[in-house]
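Shown next, in structure tokens, is the structure this report addresses.
Keep in mind that the numbers below use all heavy atoms, side chains included, and drop hydrogens, waters and symmetry copies.
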Amino acid sequence: MLRSGIEIIDTTGLFGFVMFMFLMGVKMDLRVAFRSTKRAAVIGFISILAPITVGLIIFEAFKKPEQSKEVNLERLLGTTIESLTSFSVIACLLSELNILNSELGRLALSASAIADVGTLVLVFIFSSMAKWAIAPSVAAVNTAGSIAFVVILFFVCRPVMFWVIKTTPDGKPIKEVYIMFIVMMAIGSSIFTHFFSDSPLIGAFVFGLAVPDGPPLGSAMVDKLECFVNGVFLAVFTTTSTMRVDVKSMMENRSTFLFSIIFVCVTFLAKVISCFIATFWSLMPLKDSLAFALIMSSKGIVELSYFCSFIDNKIMSTATFSVLVLGILVNSTIVPVLVKLLYDPDSRRYAGYEKRTLMHLKPDSEIRVLACTHRSENVSTIIELLDLTCPTKESPQVVFALHIVELKGRDSPVFIAHQKNENSALSSLENIFAYNQYEQNNWDSVTVYAFTAISPPKLMHEDICTMALNKQTSFIILPFHRKFSTDGSVEDENSMMRNVNCSVLDRAPCSVGILIDRGVDDRGKKTLKTSSRMPTCSIGMLFIGGKDDREALTLAKRMARDPQVNLTVIRLIADHHYSGNIMDWDGILDSEVLKDVKQKNEVGNSCNIMYAEEVSNDGPQAAGVIRSIVNNYDLIIVGRRYKVESVQTMGLAEWCEFPELGVVGDLLASTDLDSSVSVLVVQQQYYVELGRARINSAGIWENLAYPSTMLTYSLPLLEMQIVVIFVSSHLLFAILKPLGITLFASQIIAGLILGPPIMGKLNAFRNIFYRRELGVEMIDAVSVFGFTLFIFLTGVKMDVKMAFNSTKKSVVIGIISLLSPIVVGIVLHKTFNEHKRMNDVIKTERIVGTLIESTTSFSVIACVLTELKIINSELGRLALSSASVGDLSTLFLVHIISLSHDWATSPLLALQRVLVAFLFITVLFFVFRPMMFWIIKKTPEGEPIEEVYIVAILMVAIGCAIFTHWTQQAPLIGAFLFGLAVPDGPPLGSTLINKFECFVNGIFLAVYITASAMRVNPRKMVSNPPRVKFSIISFFLTFLAKFISCFIASFVSFMPFRDSLAFGLIMSSKGVVELAFFSTFRDNWVISEATFSVAVFAILVNATVIPLLVRFLYDPVSRKYAGYAGYQRRNLMHLKPDAELRVLACIHWPENVSAMIDLLDLTCPMKESPNVIYALHLIELMARDSPVFIAHHKHETNTTVGGSFEDILAFYQYEQNNWGLVTVNAFTAISPPKLMHEDICTMALDKQTSFIILPFHRKWSVNGSVEAENNVVRNVNCSVLDQSPCSVGILIDRGGRRIPMKSSSYSVGILFLGGKDDREALTLAKRMA
């Protein structure tokens, strides 16, 4: 029985570790061990044998005659465990370091898998030998039981699990009953091995190996169990295991302590050195070899579990256990740090150590090719090229067909693995069918795997390179970015494809070929290979020399195996080629690779290969040779030879238009070349090359006596100031974030700490921030510049139409939120007038303070809503709309006040300022804004805005700030107004945000906030009590006035009580804009330091308390988008009779479209009462990828997602048939079933629709029977009905009888029983009537 708490927790922890080992077996692919390269196999065995050998030597060296058997066994077991290389430990470390998919990580996984399996076999052999020596009969039973156990697992249980996979419908999850049954079998396996005196971990681990890895079963097991097992059980096991460490016992026996430390260090060094030598000897770079050796020598939870098992069984003493556990701690702490220093995965993500080229393939080995297509025109030529590589049973071909589709919008990329005979809408059907047909035509010699990658242009090369690395391909085929017409002219040019090709050439982990297809279409095209009986394909290979040409020749020779192919190798040589010059290494390799070509040309054999030489002493002569022979071939293969200079092509580089093709490839792709020949440009794989270390500047060594001399220079001082501010503010945020403190509040607190009262007293901080020569002025200037850019970006993000298109409620709240605190401030000012003894300076200070406290800043409200994650809720939308009204009203009011002040001083000056402001705004919105729309129009759809325009717009923003500063206005106003003039959203507005927001908000804004708070001087607050008293009362009362007025205005308009309180608090938020106003007026001596200090503290309290209160009052998680329920009534009943009808039409299948359009047509759209249709095609995401949301454009020609395009065209046709009466906006949402209702409700909320139409989940046949039933659609419909922000209709289409067109009569019936739903239905019916 369990008698103590520690026993209970130990049992729980060990059970959890058994489940962990089962999951590690599930995730481990045994094929990795059996299909590993020789290098991985050698490293795997060396990583075990080397430390064991060294450990045994140490054991014999320290062995004493009087040493007991228990001590000998303890030391032998300790040495053995320290020699282990655990796959699970290595995998966890690689995952933490984010290098699991790197070449280094793959080699480590492969080697550790071999080592793990080898260890398992060795342990089984040694334990069996020990048992045979003690009791042969028991050992025989145990051995037979173990063999029977493995046989049953892999020949009974594993086929049963494959049957489970087969019976599960494609795309559907494994039933939970099967999952739990397999878990029980894993626990049973653990019990079985425990019963036969083996570790329970072995049974669970081996059973995990028998489970088919990957989707759907293996991944389902991991998804269901991993989170809980790793997050709870594993943490318990690790902690309880280390609780057994007894430091005192370590020192009781000095000899045991000394031996334990020595064998831990020596076995670790033996493993590191052996793995390092093995990898470095196989031409891995030095630093990578060191990193690899450290990874293979890492220790973790598996070793800890062994030591715990030994101490539980009294095999190991507490002293030895404690030393070994501390050794694991040191290892797991230092190894990751050293690996991070030695290996940078980001800079060399696709770097390969193994030579994945065509040259280094064995003659009859499998060739793995990644074929990339962008357009359907690419497919046929690529398939013909693949067919030319002569796949056979002895030398098969594995083709990974990757269809690359551009992702339109800001959604996450999607990667889809297609299944054979797939018929879903996600398939790029025509392309996939063509590759599948190619596989069927070459059965047993070609295997095709098809994929679609939907990603932004900047990520497309990563999809290609990652797949090439994952699938271990030797060759990548890329289509050229130009499309040629029949007459040889350029029909189409895609710069995006060119950028992708260039990026792949720079980073590819294998060889690459760019295919230039000069053909037109299937009717007039000269194909590469047309006959199956006679050699109709003539291939020419131009050979100059170098590794790219050697790779191209290897591919050409592989093609020449096909009897249908005639290959001619033309070598370009210079006159001095046969002179007595010493040949370099490249020349030797060239001669070697050409040797068999020349021999076949001389003696002849089954391959149709001809060899010829042409003389070329410069580029023009080479061009002439190429032009003379180009029309003799169907395909010409050349090496890229990028930046390789040679006599034969001298001078051609100056005329090279496409460097990615090399000089010869560029000449062959030229439009001046009168030929229809297709061209393949080949580049051999680039290997890892290590650069030299960078050299630092002198720094403190400039003056060793006074190292702080470095800070007398402006640049290092500024850098030091930025670093100190950034580190201190983010460190504080990390500490305070669990308390709910925002980043803005943390930055103010950091400024208060770094200010003169605290850290400013220290000499080190005074030297950084308060130098007389440079000091705080430097950081102030930089931070104000950064804040100007922040205000510009705020203007870019702010939609002016939101203010002008706001509802009456938003306008009322926005104006009230400004006027009510101003009125209260004026009353307070009159009350504290002190019998007119107050001077003008104090009056101005109080008026300015009241105005600033009364402002409602759009950017501050937006930041608060973003941090609270409620910016897309109805509450957030109302707050943003009201804040935009309040912001523009504040701008207008400030100009009126300043104008009235100027008018009282000088009417002429006031008139001049009005005229200048009017001209400035006119130029912004009627000159610059049209120019920016011209830039958008000029930019091709889907292409990014050119950087020259982005920089120019930024310079204009800075110029506007200078202009308003010059006209005695705040520079922030000019930048903000120009930001308002920039068209928001993609492509221009979003590009500006993406380019600058990270740096501006992450660096400049943090510096500005902290530097502003550093000016706070509490001493000044104490020295002037009357000002401080008035400031505190004023700030408090204006806050209350704003809060109460916004609360009342929202509550009166039927907003719930708690939401009204939260809304009032949000509208009363203060932030960086108010801080900027106070800092500006302090700089201009308009307000005193005491008032400024009080204001900063007030902003800090506001920014700290309000988010906490709002989180308490308004929970966005439990009431997401308030259940999508709006505060405004969005239904058909509350629409005006002739108002615009906004409808969201949802479709799942093509069958839904016609009935949906017929129903929309029945709603009787007219010019006075038009329809706005949002057509949303919902597609189920068949994988674990992130959801995708695509906004379609009118006249879109490319099928962004397979079958959705036909449905979209039907809606656009409906729009054209009802031109001027109907507007259609089409979208596609690819998401899991559980998120589909969120897509629908969010769009209904965004587009402010009054009605959602959903198709019924049943599909009927002509005779009225149920043809199909989809529970996913039903669940989506139910969720939308529960959470919809507007009225909803479910359309049941019986299929047989169509709704007639308007040309004929038709009848609509409505059953009316009573209630709000029936009234809504009647309203819709009356609209149809």
Side-chain angles (χ1 to χ4, degrees), residues 371-375 377-378 381-382 385 404 457-458 460-461 464-465 475-485 487-508 511-520 540-544 546-549 551-552 555 572 616 618-620 622-627 630 633 635-646 648-686 940 943-944 946:
C372 305
T373 58
H374 295 270
R375 298 177 292 215
E377 296 86 0
N378 307 145
T381 311
I382 289 178
L385 179 64
I404 302 167
K458 291 184 179 179
M460 286 180 178
H461 69 277
I464 297 169
C465 294
F475 196 54
I476 299 173
I477 302 175
L478 301 171
F480 191 48
H481 69 278
R482 276 185 171 178
K483 181 182 176 183
F484 293 93
S485 61
D487 58 1
S489 61
V490 177
E491 183 179 318
D492 184 31
E493 188 162 350
N494 191 328
S495 58
M496 178 199 74
M497 286 172 58
R498 185 188 178 194
N499 294 334
V500 172
N501 290 353
C502 293
S503 298
V504 173
L505 286 169
D506 290 341
R507 297 170 173 84
S511 298
V512 183
I514 296 181
L515 179 59
I516 304 165
D517 179 20
R518 291 261 186 187
V520 196
M541 194 276 143
L542 283 170
F543 190 93
I544 299 174
K547 63 176 185 175
D548 291 347
D549 279 9
E551 185 77 357
L555 177 61
L572 292 182
S616 173
D618 55 21
V625 171
I626 291 170
R627 290 179 188 277
V630 72
Y633 306 102
L635 174 70
I636 289 184
I637 304 175
V638 297
R640 184 189 179 199
R641 306 183 73 253
Y642 181 57
K643 290 186 177 179
V644 177
E645 296 182 359
S646 62
Q648 295 95 316
T649 59
M650 190 177 295
L652 288 180
E654 299 174 8
W655 304 96
C656 186
E657 184 180 2
F658 303 117
E660 66 269 24
L661 301 179
V663 292
V664 178
D666 179 77
L667 180 63
L668 289 166
S670 172
T671 53
D672 298 332
L673 192 71
D674 185 19
S675 174
S676 60
V677 66
S678 294
V679 181
L680 181 66
V681 180
V682 177
Q683 172 187 281
Q684 196 181 63
Q685 173 197 14
Y686 286 135
E943 297 292 327
E946 291 184 19

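- Scanning both residues, Asp549 and Ile544, for their nearest heavy atoms gives OD2-N, 2.6 Å.
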Could you give me the CA-CA distance, side-chain angles and deciding distance for Glu660 and His481, then say whether side chain to side chain contact (heavy atoms under 4.5 Å, CB included) is met? CA-CA 11 Å; Glu660 66 269 24; His481 69 278; 3.8 Å; yes
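- Taking all atoms of both residues into account, the shortest heavy-atom contact from Cys372 to Leu478 is SG-CD2, 3.8 Å.
- A side chain to side chain contact (heavy atoms under 4.5 Å, CB included) with Leu661 is found for one member of Val638, Ile514, Leu667 and no other, namely Ile514.
- To the nearest 0.5 angstrom, Leu680 atom CG is 8.5 Å from Ile516 atom CD1.
- Across all their heavy atoms, Asp548 and Val682 have their closest contact at CB-O, 3.6 Å.
- Residue Glu551 holds its CD atom at 3.5 Å from OG of Ser511, rounded to the nearest 0.5 Å.
- The heavy-atom pair separating Ile476 from Ala508 by the smallest distance is CD1-CB, 4.1 Å.
- Considering CG of Asp506 and NE2 of His461, their distance stands at 9.0 Å, rounded to 0.5 Å.
- Taking OH from Tyr633 and CG from Leu542, the interatomic distance works out to 8.0 Å, rounded to the nearest 0.5 Å.
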Just do the side chain to side chain contact (heavy atoms under 4.5 Å, CB included) check on Asp517 and Glu377 with the steps written out, would you? CA-CA 9 Å; Asp517 179 20; Glu377 296 86 0; over 6 Å; no
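- Contact record, Gln648 with Ala622: O-CB, 3.2 Å, taken as the closest heavy-atom pair.
- A side-chain donor-acceptor contact under 3.5 Å links Asn501 to the backbone of Pro479.
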Assess whether side chain to side chain contact (heavy atoms under 4.5 Å, CB included) is satisfied between Phe480 and Val679, documenting all intermediate values. CA-CA 10 Å; Phe480 191 48; Val679 181; over 6 Å; no
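- Checked options Val664, Ile626, Asp618; the residue passing with Thr649 is Val664 (criterion: side chain to side chain contact (heavy atoms under 4.5 Å, CB included)).
- Distance OG/Ser678 to CD1/Ile637: 11.0 Å, rounded to 0.5 Å.
- When all heavy atoms are compared, the tightest approach of Ala371 to Ile382 is CB-CG2, 3.7 Å.
- Between Leu385 and Thr381, the closest side-chain pair of non-hydrogen atoms is not below 4.5 Å.
- Taken from CD1 in Ile477 to OG1 in Thr373, the straight-line distance is 11.0 Å, to the nearest 0.5 Å.
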